[in-house]
Amino acid sequence: MKRNEFSYRAPRGTSDILPREQGYWRYVEERAHAICQLHGYQRIETPIFEDTRLFVRSIGEETDIVAKEMYSFPDRSGAMMTLRPEGTAPVCRVYIEHGMHNLPQPVRLYYIAPIFRYERPQAGRYRQHQQFGFEAIGDGNPALDAEVIDMAWQFYHSLGLRGLWLKLNSIGCSSCRPSYLESLKGYYAERIERLCPDCRRRLVQNPLRLLDCKKESCVDIKESAPRSIDHLCPRCQDHFQSVEKYLALLDLPFNVDHRLVRGLDYYTRTVFEIQPQGEEGAQSTLGGGGRYDDLIEQLGGKPTPAVGFAAGVERIILNLKRQNIAAPVPPQPDVFISYLGEEAKDKAIEYGSRLRREGIGAILASSGRSLKAQLRQANALGMSYAIIIGEEELGEGKVTLRDMVSGEQRQMSFEDAMKSLKEKQ
RNA sequence: GUGGGCGUGGCCAAGGGGUUUAAGGCGCCAGGUUGUGGCCCUGGAGAUCGAGGGUUCAAAUCCCUCCGCUCACCCCA
């Protein structure tokens, strides 16, 4: 590659998904569609950008995502738009905008879509990544929390991933969380002189994240910090116990993690994450979700409880590779058509098209190469059969059909060759 | 935003001031007699050694700046 002038490259934090990677993508997406179909979730696609206010209101002004990670821009009319930094808010917008409260509740929806966040890229973290997510809107029953969590778990299982941890917590609702936050802040305020700089900032901006600090100095403070589940109101307590009961019923090996909090403000009650065992930091989270009972109302709808989940496709593929799980190879055409001379080329073009019209995949050789070179190409492409058209075949009105695995070949009419290929499919 | 590592043909890489007109391997293209692949052999194309500046008689090799990639923190999928 010439580098003495400007050379174009994919923008930082983005990547090209080359043909050799497509097998993994297809595999993951097929499993995603399958698990959704199994649970009655219907696909939805929303615009890649939305009114900036949708995300600010839902995710929360103080969150990192809104404060410093959004791709926002004014369009030509001056309206502020933002490249979707998460998938839930747009789905809620759709629910409200299209009057989905008139459908049988809950409404079950899923999406597979690109997500954009301006972050420093590293392993498993990109500025554009693909998320698979699903949402059940319009039902506050804990059975639905369990359904969503089970669905997430079965999704990973169906991909062949093993050794995962399911972490669960409840962060309360709008009636009990404020008092919990007060008690948390009070606890930390008393110990402020021992806190790391990050935690001092969190104390003001995002107290829940105090529980997530990994610094040595803050660990023992964290250990005896007030827990959200000890401050739940009776209804949240009931809800959480039911979720636990259902998960046990479903045989899901979950662990209650009192320090599990999530980075988006809209969560209430149930929050959960799934990650590979023994990988604490380092972008290990494979997916996560929770309940967001106030969000629809916040966005202008009627009070409507909801619960959802989202997974990062790139991280799933990373873990498939770590666990040596190979993706199925996408199918490819199986007949290679080689020819010698202009007259044979006409036939080759015609026959290639006729094969494809019969559903038999075919690739034409490149013009002007020796038969040797043509067959070398067929071999390199991994073709199962080759059709050869040269002077001999033209004279007889036939073609040579060669089996590229056994090396056997024989002349026959094109019609017979096509019939034989069809049988072998 | 903070910190560490790294930048030699499409990919993997040797070389750490002059013997480099920059090894080798993979891949690509072509040939090994007249129309036949996979193995082997031979040849070819492809790099101003990330960019700019400096030191020196001499720089891919030393110094500086920038850019890019990568990993970790922060945060998250």
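Lettering follows sequence order; numbering is per chain, from 1. Fair warning: this is a prediction, and the values are worked out from it, not measured in the lab.
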**Q** Does the ring centre of A/Tyr71 sit less than 6.0 Å away from the ring centre of A/Phe49?
**A**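 No.
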
**Q** Going by purine N1 to pyrimidine N3 plus the second Watson-Crick contact, or the G-U wobble pair, all under 3.5 Å, which nucleotide sits opposite B/rA14?
**A** none

**Q** Classify the ring geometry of A/Tyr351 against A/Phe414: parallel below 30°, tilted from 30° to 60°, perpendicular beyond 60°.
**A**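 Parallel.
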
**Q** Let me know the distance between CZ of A/Arg20 and C1' of B/rC26, rounded to the nearest Å.
**A**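 It works out to 13 Å between those atoms.
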
**Q** Considering only atom C1', compute the distance from B/rG37 to B/rC29 and round it to an integer number of Å.
**A** 16 Å

**Q** Ignoring hydrogens, what is the shortest heavy-atom contact between A/Glu314 and A/Trp25? Give both atom names and the distance.
**A** OE2-CH2, 3.4 Å

**Q** Heavy-atom count around A/His98 NE2 within 6.0 Å, excluding the residue itself: above 12?
**A**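 For A/His98, atom NE2 is crowded (more than 12 foreign heavy atoms under 6.0 Å).
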
**Q** Say we look at B/rG3 and B/rU20: how far apart would their C1' atoms be, to the nearest angstrom?
**A** 38 Å

**Q** Round to the nearest Å and state the distance from A/Phe134 atom CZ to B/rA77 atom P.
**A**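 After rounding, the reported distance stands at 14 Å.
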
**Q** Given B/rA77, B/rG35, B/rG37, identify the nucleotide with an atom nearest to the side chain of A/Arg402.
**A** B/rG37

**Q** Between B/rA77, B/rU36, B/rC74, which nucleotide gets closest to the side-chain atoms of A/Asp64?
**A**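 Shortest atom-to-atom distance from the side chain points to B/rC74.
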
**Q** Which listed nucleotide (B/rG35, B/rA77, B/rG31) is nearest to the side chain of A/Leu340?
**A** B/rG35

**Q** Side chain of A/Arg125 only, heavy atoms from C-beta on: which candidate in B/rG37, B/rC75, B/rU70 is closest?
**A** B/rC75

**Q** Rounding to an integer number of Å, can you tell me how far A/Glu69 CD sits from B/rA77 C1'?
**A** 12 Å

**Q** Check whether any side-chain N or O of A/Arg200 sits under 3.5 Å from a backbone N or O of A/Ile192 as a donor-acceptor pair, and report yes or no.
**A** yes

**Q** Please report the distance separating the C1' of B/rC67 from the corresponding atom of B/rG50, rounded so that it comes out in whole Å.
**A** 8 Å

**Q** Please check the phosphate of B/rA72 (OP1 and OP2 only) for any side-chain N or O of A/Gln122 closer than 4.0 Å.
**A** yes

**Q** Angle between ring planes, A/Phe309 versus A/Phe272, binned at 30° and 60°: parallel, tilted or perpendicular?
**A** parallel

**Q** How many Å lie between OH on A/Tyr126 and C1' on B/rC71, as a whole number?
**A**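 Answer to the nearest Å: 12 Å.
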
**Q** In whole Å, measure the gap between the P atoms of B/rA58 and B/rU2 for me.
**A**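 Their P atoms lie roughly 38 Å apart.
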
**Q** Round to a whole Å and report the spacing from NZ of A/Lys372 to P of B/rG35.
**A**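 Distance check: A/Lys372 NZ to B/rG35 P gives 12 Å.
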
**Q** Using the side-chain heavy atoms of A/Ala123, tell me which of these nucleotides is nearest: B/rA77, B/rA72, B/rG37.
**A**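 Ranking B/rA77, B/rA72, B/rG37 by closest atom to the A/Ala123 side chain puts B/rA72 first.
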
**Q** Does A/Gln409 get its side chain close enough to the base of B/rU36, under 3.5 Å, for a donor-acceptor pair?
**A**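 Present.
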
**Q** Starting from C1' on B/rU36, measure out to CD on A/Glu408 and report it in whole angstrom.
**A** 15 Å

**Q** What's the gap between B/rG43 and B/rA60 when it is taken at their P atoms, as a whole Å value?
**A**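 Here B/rG43 and B/rA60 have their P atoms 28 Å from each other.
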
**Q** Within the pair A/Ser370 and B/rG31, is there a side-chain N or O less than 4.0 Å away from OP1 or OP2?
**A**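 Yes, within the criterion.
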
**Q** Name the closest nucleotide to the A/Arg369 side chain, picking from B/rC29, B/rU36, B/rA77.
**A** B/rC29

**Q** Between B/rU8 and B/rA47, how far apart are the P atoms? Round to whole Å, please.
**A** 15 Å

**Q** Once hydrogens and angles are ignored, does a donor-acceptor distance under 3.5 Å link the base of B/rG3 to the side chain of A/Arg120?
**A** yes

**Q** In Watson-Crick or G-U wobble terms, both distances under 3.5 Å, what is the partner of B/rU2?
**A**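 Paired with B/rU2, as far as the under-3.5 Å criterion goes, is B/rA72.
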
**Q** Regarding A/Leu264, tell me which of base, sugar-phosphate or nothing describes its non-hydrogen contacts under 4.0 Å with the strands shown.
**A** sugar-phosphate

**Q** Of the candidate nucleotides B/rA77, B/rU70, B/rU36, which contains the atom at the shortest distance from the side chain of A/Arg12?
**A**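 It is B/rU70.
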
**Q** Check this for me: does the side-chain of A/Arg9 come within 3.5 Å of the base of B/rG68 through a donor and an acceptor?
**A** no

**Q** Check this one for me: any side-chain N or O of A/Arg376 less than 4.0 Å away from OP1 or OP2 of B/rC28?
**A** no

**Q** Measuring only the P atom in each nucleotide, how far is B/rG68 from B/rU55? A whole number of Å is fine.
**A** 27 Å

**Q** Rounding to the closest angstrom, what is the interatomic distance between B/rC26 and B/rG46 at atom C1'?
**A**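 The answer is 14 Å between these two C1' atoms.
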
**Q** Consider the side chain of A/Leu375, meaning its heavy atoms from C-beta on, and name the nucleotide among B/rC71, B/rG31, B/rU36 that approaches it most closely.
**A** B/rU36

**Q** Once you round it to whole Å, what is the distance between P of B/rA77 and CD1 of A/Ile112?
**A** 17 Å

**Q** Report the distance from atom CG of A/Leu371 to atom P of B/rU33, rounded to the nearest whole Å.
**A**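 Answer to the nearest Å: 15 Å.
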
**Q** Restricting to non-hydrogen atoms, name the atom on A/Leu161 and the atom on A/Gln323 that form the minimum distance, rounded to 0.1 Å.
**A**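 Answer, listing the atom of A/Leu161 first, then A/Gln323: CA-OE1, 3.6 Å.
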
**Q** Would you state whether a donor and an acceptor, one from the side chain of A/Gln374 and one from the base of B/rG35, lie under 3.5 Å apart?
**A** no

**Q** Which of these nucleotides, B/rG38, B/rC75, B/rC28, is closest to any side-chain atom of A/Asn379?
**A**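 For the A/Asn379 side chain, the nearest candidate turns out to be B/rG38.
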
**Q** Closest approach to the side chain of A/Glu391, judged atom by atom: which nucleotide of B/rA77, B/rG35, B/rG38 is it?
**A** B/rG35

**Q** What do the steps show when you test A/Thr270 against A/Asp145 for side-chain hydrogen bond (donor to acceptor under 3.5 Å, both in side chains), and what is the final call?
**A** CA-CA 7 Å; A/Thr270 311; A/Asp145 303 41; 2.6 Å; yes

